[in-house]
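Following: one structure in structure tokens, then a few remarks.
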Amino acid sequence: MSLEENLKDELNPEQYRAVTTVDGPILIIAGAGSGKTRVITYRIAHMLEKGIPQSQILALTFTNKAAKEMSERIKGLTGKKLQNLTVSTFHAFGVRILRQDIEQLGFRSNFSIYDETDRSALIKETGRELKFTADALDVYKIGCLFSDIKTGRKNWESANDMYRSLYEGYQEGLKLYNAVDFDDLITLPIRLFREHPDVLARYKERYRYLMVDEFQDTSHQQYEMMRLLADRNVAVVGDDDQSIYSWRGADYQNIINFEKDFPGVTEIRLEQNYRSTGTILAAANGVIKHNTNRKDKELWSGNGSGRPIEIYMPENEAAEADFIAESIQGICAEEKRHYDEFGVLMRANTQSRPLEEAFLENNIPYTMSGGTSFFERKEIKDIISYLRVIANHDDDINLLRIINTPRRGIGRSTIESVNKVAGTLGVSLWEALKAIIAAPEDECPVSAGTRADLEAFTSLIEGNKSMLGGKGLSKKVQALVDDINYFDYLIGEYPKSEKAARFKYMNIESLIKSMEQWENNPEHEDTSLYAYLNRITLLSRDDLDDGEEDKGKVNLMTVHASKGLEFPVIFIAGAEEGLMPHARAVEEGGDTAVEEERRLFYVAVTRARDRLLISSCQHRRRMQATVECEPSRFLDEIPANLVKYHEPSKEVGSEDAHEMLQNMLKNLAHPRVPKL
DNA sequence: CGTCTCCAGGTTTTT
DNA sequence: CCTGGAGACG
């Protein structure tokens with residue numbers, strides 16, 4: 001077979017060993033740009049060639065994007081249909097397990113999955129019932145606390161005990177509404193495996209070969225899930241220098257645990273970088289070596305040294321955006337590059353606005369990945385909430401969202417009385433609604449008119465039952481959207497801007513369009529509403545469109561979202577103290593946080609193949625005020641001989657750069673010019 | 001009792 | 001800018 005013959009030619013010796021070591025535990029430390037994805041995909045292809053059945057292989061990733069890319073590349077490599085190969089995110093895999101076996105934990109298999117918005121709503125709801133005061137109810141913080149508790153990062157001894165009852169109420173709510181949150185997608189399968197060894201045995205029986213990508217970003221829970229499933233044929237691939245998710249529970253100490261838990265690990269290091277110029281690599285190495293707690297390694301490259309790294313110091317974020325847009329135009333013309341060869345990276349989503357404006361102004365097509373997830377947009381959530389309630393009537397949180405959206409005369413006090421009934425009967429709101437509707441006139445807690453409104457609502461939901469039975473989902477959803485007059489509702493909601501309303505309606509149309517594509521894809525056998533809902537809660541916007549649309553466009557994204565990607569030209573926007581490293585992170589996490597921020601910067605730098613341009617604004621709008629900014633400390637960590645500094649207008653040679661920077665710093669420390 | 005209007009506040013990163 | 005909440009109004 002040609003693939004086998006080619007392996008030795010296509011791979012360096014370490015890569016070859018990583019690909020062909022199929023039995024036993026193996027730890028692959030893969031530096032940035034060392035051909036990690038290549039190794040993983042070749043490894044799976046090689047296993048398939050060797051006759052290992054698809055169904056025995058389980059590859060776990062962190063993002064849907066990575067999962068999708070991986071299976072596509074394997075498909076391309078083998079030319080096979082991969083119907084039985086499991087390439088999935090940890091969370092999606094959790095959903096799969098729960099869909100099968102959650103009944104053993106007392107949930108029903110049509111459970112809803114609550115995202116952050118739903119979680120906040122449930123916390124708020126529970127808090128109100130338990131009479132928490134408004135200022136004790138910081139739902140964002142409490143949500144984080146609950147997540148820490150649930151995943152074992154905190155316990156009640158060390159945490160604020162006053163939220164304990166709230167947590168219990170929250171958990172009861174989930175159970176009553178037949179819903180699970182994101183953390184449950186990992187912790188419930190673990191519980192299932194522990195409490196029901198027969199279930200675990202079934203999965204172990206099936207999956208004989210495990211592979212985990214981005215291993216440095218596994219949380220303890222995810223590691224535990226992997227450990228339970230794995231026998232000995234488990235390959236993990238990671239790079240401690242690219243661990244950037246500790247705030248989400250990732251702990252690259254798992255690399256050390258792995259060596260302990262799986263005796264006889266083969267360790268392979270991939271340190272040859274195929275991606276970047278020598279200059280870019282030297283810069284990356286220079287930065288990352290300031291971290292104390294890391295496996296010592298140095299990437300090297302056979303590529304030429306390339307152009308110096310350019311650092312610009314624009315006046316403010318608008319100037320920065322103009323500079324980036326104009327540079328893109330310039331480089332496109334000069335070097336005959338296409339727009340899709342550019343990546344513009346930022347620390348926070350809030351930085352995107354001026355950049356997007358500049359791109360629009362300069363007629364530069366762009367795509368932005370990440371950002372508020374498509375499925376978190378209000379209008380999308382509304383429609384999805386309908387679908388959720390149709391699939392799972394007991395989902396109170398989603399029911400509350402839509403019961404009066406669009407307005408149908410069911411206001412606060414009506415909901416309060418329904419809630420009361422639900423409380424006394426110990427049932428979900430839906431059951432309470434049914435009880436109220438069925439109650440005899442004199443025992444009914446609401447007026448006859450209100451009761452009619454409630455009944456109209458329940459029959460609307462029940463009237464869409466046919467959605468459950470596969471076939472033609474998108475058409476039915478379109479009919480529902482028409483039926484509830486959602487467009488008119490939007491027009492009414494945004495009286496000042498019909499454009500906004502139309503934009504939102506467009507989003508709904510693209511939702512329905514994507515639904516149609518999904519159900520017409522022959523690879524998707526189960527096109528029921530359940531299947532659809534289980535899938536989409538875990539998706540973000542970039543998973544929606546099919547890649548074709550992104551051709552020829554500049555890629556705007558957060559550094560986090562850029563992990564695993566590469567672009568010939570990279571811009572890093574906002575390399576300032578307070579943003580990189582982010583002030584909030586430093587505040588909360590101290591030195592460890594700075595190290596993580598440094599890794600983040602390292603990830604950003606190593607995305608670049610040929611050219612790297614970094615900008616650091618002198619001023620930036622934060623909230624209402626304009627504040628002075630200092631250049632990021634990470635810029636000083638790049639060896640000075642690799643860098644060419646630019647002032648807003650005139651260029652300077654690298655000899656003068658250091659002195660100039662010092663002067664700038666001095667000026668920033670003692671500004672002579674009053675703020676505008 | 002429901003709806004409308006105005007006002008304040010604001011998320012670093014994602015499944 | 002946009003969302004969500006509080007309070008006034010019909």
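The model shown is predicted, which means the values in this text are computed figures rather than measured ones. Residue numbers begin at 1 in each chain, while the letters A, B, ... track the order of the sequences.
As rounded to whole Å, 21 Å separates atom P of dT15(B) from atom NE2 of H220(A). The distance between atom CZ of F601(A) and atom C1' of dT12(B), rounded to the nearest whole Å, is 17 Å. Here the P atom of nucleotide dC4(B) and the OH atom of Y489(A) are 10 Å apart, to the nearest Å. E356(A) has its CD atom 15 Å from the C1' atom of dC2(C), to the nearest Å. Atom pair R119(A):CZ and dT14(B):C1' shows a separation of 12 Å (rounding to whole Å applied). Spacing between atom CG of L490(A) and atom P of dT3(C) amounts to 11 Å, rounded to whole angstrom units. Per the geometry, OH belonging to Y140(A) stands 19 Å off P belonging to dT3(C), to the nearest Å. The interatomic distance linking I536(A) (CD1) with dT14(B) (P) rounds to 19 Å, in whole Å.
Aromatic ring centres of Y177(A) and Y114(A) lie farther apart than the 6.0 Å criterion allows. For F90(A) and F93(A), the gap between ring centers reaches or exceeds 6.0 Å. Taking the six-membered ring where the residue is Trp, the centroids of F359(A) and F342(A) are separated by 6.0 Å or more.
Between R353(A) and K124(A), it is R353(A) whose nearest contact on DNA chain C lies nearer the 5' terminus. For the pair L600(A) and G411(A), both in contact range of DNA chain B, the more 5′-proximal nearest nucleotide belongs to G411(A). Both S413(A) and E116(A) lie close to DNA chain B; mapped to their nearest nucleotides by heavy-atom distance, the more 5′-ward contact belongs to S413(A).
In terms of phosphate contacts, K563(A) brings no side-chain nitrogen or oxygen within less than 4.0 Å of OP1 or OP2 of dT14(B). Applying the 4.0 Å criterion to OP1 and OP2 of dT3(B), one finds that N404(A) has a side-chain N or O inside that range. At dC1(B), none of the side-chain N or O atoms of S447(A) fall inside 4.0 Å of OP1 or OP2 (strictly under the cut-off). At the phosphate of dT13(B), OP1 or OP2 sits under 4.0 Å from a side-chain N or O atom of N349(A). Taking only side-chain nitrogens and oxygens, R407(A) comes nearer than 4.0 Å to OP1 or OP2 of dC4(B).
Proximity note for R248(A) (side chain, C-beta onward) versus dG2(B), dT12(B), dT15(B): the nearest is dT15(B). The side chain of K378(A) has dT3(C) as its nearest neighbour among dT3(C), dT15(B), dT13(B). You'll find that the side chain of R584(A) is closest to dT11(B), out of dT11(B), dT13(B), dC1(C). Of the candidate nucleotides dC1(B), dT13(B), dT14(B), dC1(B) has the atom lying nearest to any side-chain atom of T414(A).
Tested against R633(A), the residues E577(A), E576(A), E597(A) include a single salt bridge (charged side-chain N to carboxylate O under 4.0 Å, His left out) partner, E577(A).
Counting non-hydrogen atoms under 4.0 angstrom, K504(A) reaches the backbone sugars and phosphates but no base.
Between H582(A) and dT12(B), a base-stacking contact is recorded: ring centres under 5.5 Å apart, planes less than 30° from parallel. Here W247(A) lies parallel enough and close enough to stack on the base of dT13(B), with planes under 30° and ring centres under 5.5 Å apart.
Between the side chains of D181(A) and Y170(A), at least one donor-acceptor pair of N or O atoms lies under 3.5 Å.
In terms of polar N and O atoms assigned as donor or acceptor, the side chain of H91(A) comes within less than 3.5 Å of the base of dT15(B) in a complementary pairing.
Ring planes of W247(A) and H560(A): perpendicular class, angle over 60° (limits at 30 and 60°).
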